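Heads up, the thing below is written out as structure tokens.
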Number of protein chains: 2
Amino acid sequence: MEYKKALQKLVEDFKTNFLSSVSLDLAILGFHDGQLKVLLLRWKGTDEWCLPGGRIRHEENLEAAAYRTLRERTGLHEIFLQQFHTFGDVMRYTNFSKQETMAKLGLPDDVTHEIVSRDISVGYYALVEFANAVPTPDFFTEECRWWDIDQVPPLLFDHNDMIKLALKTLRRQLSYQPIGYNLLPDRFTMPDLQQLYETILGQSLDRRNFQKRMLGYNILERLEERKTGGAHKAPYLYRFDKEKYEKALADEILFVG
Amino acid sequence: MEYKKALQKLVEDFKTNFLSSVSLDLAILGFHDGQLKVLLLRWKGTDEWCLPGGRIRHEENLEAAAYRTLRERTGLHEIFLQQFHTFGDVMRYTNFSKQETMAKLGLPDDVTHEIVSRDISVGYYALVEFANAVPTPDFFTEECRWWDIDQVPPLLFDHNDMIKLALKTLRRQLSYQPIGYNLLPDRFTMPDLQQLYETILGQSLDRRNFQKRMLGYNILERLEERKTGGAHKAPYLYRFDKEKYEKALADEILFVG
DNA sequence: TCAAAAGTGTTTAGCCTACACCCATGC
DNA sequence: GCATGGGTGTAGGCTAAACACTTTTGA
């Protein structure tokens, strides 16, 4: 009863304060233990998972709404966020039909069509530092956690497709832009960075060539200190030179409007 | 009076049959006389120009709406159409303020806010064969014609930015995908194709290297026939091998959902 | 002392760039 | 015949890929 009332209120809030027909979905990617992870939400009272999504307030910029949603789900801000595609098929259901999807959500009949209605959804991907994120479910969900990118289950709606396309875009981006600033801790080793690249690209790279290339970008600063405590030879620590990193990004990145 | 009635009716139509808060805009690019052209519309009773735009019907896929709009403005179908960015700032006005824009449009006060309201707009660019298009204005405009891409005047809304970003995306796309199928006539010469590339990239290219590269893609079929009637040595005619061309596209192109 | 990981330079191959001469056509 | 544009191949440079040995550290 409590829940149903809150739900009604939320739907009202949606109708009055947010743009209708448009939403956004986030593929929040993190990196940990040599694995690329994606943040998923589990729908209340079900075993169904989906990407975090959000809506846009009437007087809010699209990009701001994406940042806000990211903040709400992870507590993080000032994060790399990139629009990659806008999804607009009437029936954005790949794993289950609309019928099935509606049934799975277990919503009261009178609000189902408000929640599972026809939306244009703008897809963003974010690269975040795994350790700093505090996964937080939203109203419709009761669990929010990281999944290994290659163990993602069949998701609600067309969210598996979204992840696939986000990855594809990310991989392409890797070829003309530096990456890693928000995916790695402040100080990291060259092997850390290489592992990140290998994980995203899904292939192994030559250590020497990788190092040459990365140093060639001139965005890394080698610290005096080395990483100790490892079982083997102590690797150097590096840090991104924020200014040069931002400049390298700006030289190529599409402006966001 | 007639006009105002029709306008009211249109606004009603918008409200009932189309998604609110979302629209789409097209940068329709054509190629003629060694010039890249873009199709612009002139707003009724003004000297103000803008990109062709459209709205999405409730039961219509986003991509289908883009194709429909393209067809309505040019009579063309089966054309290359590529989503490049979704624009979502609250105030998408770069050349003039919202105040100024509203004044320029010369609409009755009671519908102005319906037409010039806050929208998320999905941007597409299309590559069309100049000669085949039949530019056709829509309800709000009285002229539809090609403009040289580097002589585009200050446009309404953020449409100059849209053109800029469409071109940037197109240029990048050129580096990993073939282009030209819809921009050139069925049969064309290597210099034709080169001129197209040079125009899009805004720089001249080496003839021999260009030819080598294009033939290397293995998507062109050289015909027996040569182009006659020119003032000089008759160049070979080529045709795109549709199948191989599509395959080359598919190998890289983002799927559209 | 052994195993595992990290640091480092050189050689090679492939691709992209630069470049020049001959030929066909219309005027 | 001459001016204009089109057809064609090769040499050099740069970037990217391949590749092996030495050093450090903990167990």
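Not measured: the values here are computed from a predicted model. So you know, we letter chains A, B, ... as the sequences are listed, proteins then strands, and number each from 1.
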Quiz item: Side-chain N or O of Arg222(A) less than 4.0 angstrom from OP1 or OP2 on dT8(C)?
Solution: yes
Quiz prompt | Residues from residues 184-193 of chain A lying under 4.0 Å of DNA chain D - heavy atoms | solution = none
Exercise. Evaluate ring-ring contact (aromatic ring centres under 6.0 Å, His included) for Tyr197(A) paired with Phe210(A), printing each intermediate quantity in order.
Key: CA-CA 9 Å; Tyr197(A) 270 72; Phe210(A) 180 79; 5.3 Å; yes
Quiz prompt | Criterion side chain to side chain contact (heavy atoms under 4.5 Å, CB included) on Trp146(A) and His32(A), from CA distance to verdict | solution = CA-CA 10 Å; Trp146(A) 294 102; His32(A) 184 66; over 6 Å; no
Tell me if the side-chain of [X] makes a donor-acceptor pair with the base of [N], cut-off 3.5 Å, by modelled atom types.
X: Arg208(A); N: dG7(C); result: no
X: His232(A); N: dA4(C); result: yes
X: Lys227(A); N: dT25(D); result: no

Exercise. Report which part of the nucleic acid Arg213(A) touches: base, sugar-phosphate, or nothing (heavy-atom distance under 4.0 Å, all strands).
Key: nothing
Quiz item: Taking all non-hydrogen atoms of both residues, which atom of Met190(B) and which atom of Leu215(B) are closest, and how far apart?
Solution: CE-CD2, 4.0 Å
Quiz item: Listed by chain and number, what are the ring-ring contact (aromatic ring centres under 6.0 Å, His included) partners of His232(A), not counting sequence neighbours?
Solution: none
Practice problem: Kindly assign one of parallel, tilted or perpendicular to the pair Tyr245(B) and Tyr181(B), based on the angle between their ring planes and the thresholds 30° and 60°. | Solution: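 Aromatic pair Tyr245(B)/Tyr181(B) classed tilted.
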Practice problem: Flag the pair Lys247(B) and Glu243(B) as a salt bridge only when some basic side-chain nitrogen lies within less than 4.0 angstrom of an acidic carboxylate oxygen. | Solution: no
Exercise. Using a strict cut-off of less than 4.0 Å between a Lys/Arg side-chain nitrogen and an Asp/Glu carboxylate oxygen, indicate whether Lys242(B) and Glu246(B) qualify as a salt bridge.
Key: yes
Quiz item: If we fit an axis to the first five pairs and another to the last five of the helix from dT1(C)-dA27(D) to dC15(C)-dG13(D), what angle do they make, to the nearest 10°?
Solution: 0°
Quiz item: Quick one: which of dA20(C), dG7(C), dA4(C) gets closest to the side chain of Arg207(B)?
Solution: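 For the Arg207(B) side chain, the nearest candidate turns out to be dA20(C).
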Practice problem: Output the single nucleotide from dA20(D), dG7(D), dG9(D) whose closest atom is nearest the side chain of Lys233(B). | Solution: dG7(D)
Practice problem: With DNA chain D as reference, determine whether Ala231(A) or Ala234(B) sits nearer its 5' end, using the nearest nucleotide of each. | Solution: Ala234(B)
Quiz prompt | Nucleotide dT8(C), atom P - distance to CG of Asp206(A) in whole Å | solution = 14 Å
